[in-house]
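Worksheet for the structure shown next.
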Amino acid sequence: MPLDLTVDERYAWVILAGVSTGGLTLWQVFNVSRHRAGAKIVYPQLYAEKAEAAASVEAHRFNCAQRAHQNTLENLPQTLFCLTFAGLKYPIAAASLGGLWVAGRVLYTLGYSTGDPKKRLRGEVGIIGQLGKYS
């Protein structure tokens, strides 16, 4: 049984929102790498050990930057899935919510990377983008 699918021309905005997540995660890679170098944590060590983080502000910041990136990667599959399918019916709303999620992730990463985990809450606006796409 063939599927006849017509995609609104505004779906290009959905694609742009999806592609922007690649830029987000690449920027987070550079952020983690900068903190890794500052903390002198060598590969393949994923995080600074608890004692290292307690003894070094840089190691603690590295752990926070790494966690922000990991959390984004944990949320990315369902975000892209919902963006893709919500965008078929509501392209502008989905793209806007996707952009809001990316902006929230930037704020989340910047806040978390300070070394104060409570500052990650600056990115809470991204939750609106995340939940809106589930509608």
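Being a predicted model, the structure only gives us computed values, none of them experimental. All residue numbers refer to positions in the sequence shown, counting from 1.
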Identify, with sequence neighbours excluded, every residue that meets side chain to side chain contact (heavy atoms under 4.5 Å, CB included) alongside R34. N31

Give, for atom CG of L83 and atom CD1 of I15, the distance between the pair rounded to the nearest 0.5 Å. 9.5 Å

Quick one: do F81 and V19 end up in the same hydrophobic cluster if we chain Ile, Leu, Val, Met, Phe, Trp and Tyr together by side-chain heavy atoms under 4.5 Å apart? yes

Measure from the side-chain N and O atoms of H35 to the backbone N and O of A65, and report whether any donor-acceptor pair falls under 3.5 Å. no

Contact summary for A95 and A17, nearest pair of heavy atoms: O-CB, 3.8 Å

Looking at CD of Q70 and CG of N75, how far apart are the two atoms once the value is rounded to the nearest 0.5 Å? 11.0 Å

Residue list, side chain to side chain contact (heavy atoms under 4.5 Å, CB included) with T72, at least two apart or on another chain: L24, T25, Q28, W101, R105

Can you list every pair that meets salt bridge (charged side-chain N to carboxylate O under 4.0 Å, His left out) and has a residue in residues 7-20, with sequence neighbours left out? D8-R10

For a quick test of reading the model, state the closest non-hydrogen atom pair linking N63 to A53 and the distance between them. ND2-CB, 3.7 Å

I need the L97 CG to T79 OG1 distance, nearest 0.5 Å. 11.0 Å

Look up atom NE2 in H69 and atom CZ in F30, then write down how far apart they are to the nearest 0.5 Å. 11.0 Å

State plainly whether one hydrophobic cluster holds both L110 and V32, where clusters connect Ile, Leu, Val, Met, Phe, Trp and Tyr through side-chain heavy atoms under 4.5 angstrom apart. no

Could you state whether V29 and Y108 fall into the same hydrophobic cluster, counting links through intermediate Ile, Leu, Val, Met, Phe, Trp or Tyr residues with side-chain heavy atoms under 4.5 angstrom apart? no

If we ignore hydrogens and angles and just use 3.5 Å, is the side chain of T114 paired with the main-chain N or O of G111 as donor and acceptor? yes

Linking I/L/V/M/F/W/Y whenever their side-chain heavy atoms sit closer than 4.5 Å, directly or via other members, would L80 and V14 fall into one cluster? yes

For D116 and Y112, indicate whether the former's side chain and the latter's backbone hold a donor-acceptor pair under 3.5 Å. no

If we only count heavy atoms from C-beta on, is the V7 to L5 side-chain gap below 4.5 Å? yes

Tell me every residue that passes side-chain hydrogen bond (donor to acceptor under 3.5 Å, both in side chains) with Q66, counting only those two or more places apart in sequence or in another chain. none

Going by atom type alone, with no hydrogens or angles, which donor-acceptor pairs under 3.5 Å involve a side-chain atom of residues 120-127 and a protein atom two or more places apart or on another chain?
unit_1 : atom_1 : unit_2 : atom_2 : d
R120   : NH1    : P117   : O      : 2.8

Let me confirm one number: the CG-OH distance from L88 to Y11, rounded to the nearest 0.5 Å. 4.5 Å

Indicate every side-chain donor-acceptor pair of residues 38-45 with a distance under 3.5 Å to a residue at least two apart or in another chain.
unit_1 : atom_1 : unit_2 : atom_2 : d
Q45    : NE2    : Y47    : O      : 2.9
Q45    : NE2    : E52    : OE1    : 2.8

